[in-house]
Amino acid sequence: MTDPYMAPAPIEAAVKGLCPRCGAPGLFDGFLHFAPSCRECALDYSSFNVGDGAAAFLILIIGAIVSVLAIVTDLKLSPPWWVHMMLWIPLTIALTVGSLRIAKGVLIALEFRNAAREGRIADRD
Ligand SMILES: [Zn+2]
């Protein structure tokens, strides 16, 4: 899939680690670190600024899911406090680490697709 007009869907690019422009593999250089650029089409990945956006989304989404699960578990089963610790801390870490790569990949693909750039104040002159 190296046809420049066949860009992968953002979720496909994220899950498979594909370039958001040409679909060539190699978006990531390591588990969470982006490669400097695409080896096929030379898209400069460093020009995109995903920043902490993926982590912020995951904190909100996973935090809500784990909080609801913990509350429902406590209301239904009333387990001791250490059961909550044994359940929710590893689950939170696993969900966060497991989904961070995909979230970062989706954000960079969406930045490319929507030509998102840093906001600038227009000159009035
Ligand atoms: Zn590419």
Side-chain angles (χ1 to χ4, degrees):
M1 184 192 256
T2 56
D3 185 344
Y5 301 105
M6 294 295 294
I11 190 70
E12 180 186 11
V15 170
K16 295 180 180 176
L18 305 176
C19 171
R21 179 162 62 190
C22 71
L27 177 63
F28 291 99
D29 183 21
F31 184 67
L32 291 175
H33 190 261
F34 290 118
S37 63
C38 177
R39 283 180 243 136
E40 290 289 325
C41 69
L43 177 64
D44 182 14
Y45 298 143
S46 64
S47 66
F48 299 99
N49 184 14
V50 174
D52 294 333
F57 282 125
L58 291 177
I59 287 169
L60 294 174
I61 294 168
I62 293 172
I65 291 170
V66 170
S67 296
V68 168
L69 288 174
I71 291 169
V72 169
T73 300
D74 196 61
L75 290 175
K76 295 281 185 187
L77 304 173
S78 298
W81 65 270
W82 59 266
V83 172
H84 284 291
M85 302 294 277
M86 297 297 289
L87 283 175
W88 309 126
I89 292 175
L91 179 66
T92 303
I93 293 171
L95 288 175
T96 303
V97 171
S99 57
L100 190 55
R101 178 181 167 108
I102 294 172
K104 287 183 75 168
V106 167
L107 283 181
I108 197 170
L110 288 174
E111 278 190 27
F112 171 75
R113 178 173 280 203
N114 297 303
R117 295 289 177 258
E118 190 172 319
R120 300 198 188 283
I121 297 174
D123 288 333
R124 292 183 177 197
D125 298 332

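From a predicted model like this one, the values you see are computed outputs, not experimental measurements. When a residue number appears, it is its place in the shown sequence, counting from 1. Both counts, for ligands and for their atoms, begin at 1 and track the order of listing. Only heavy atoms go into these numbers, but all of them, side chains included; no hydrogens, no water, no symmetry mates.
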Under a 3.5 Å distance rule, please check whether [X] uses its side chain to pair with a backbone N or O of [Y] as donor and acceptor.
X: Asp44; Y: Ser46; answer: yes
X: Arg21; Y: Ala7; answer: no
X: Lys16; Y: Pro25; answer: no

Original post:
What is the total of protein N/O/S atoms that are closer to the Zn ion (ligand 1) than 2.8 Å?
Top reply: 4
**OP:** Compute both the distance and the angle, then confirm whether Arg101 meets the cation-pi test with Phe28: under 6.0 Å from the six-membered ring centre, within 45 degrees of the axis.
**Re:** yes
Original post:
Roughly how far apart are Thr92 OG1 and Ile62 CD1, rounded to 0.5 Å?
Top reply: 7.5 Å
**OP:** Using the test side-chain contact (heavy atoms from CB on, under 4.5 Å), find all partners of Trp82 that sit at least two apart in sequence or belong to another chain.
**Re:** Pro80, Met86
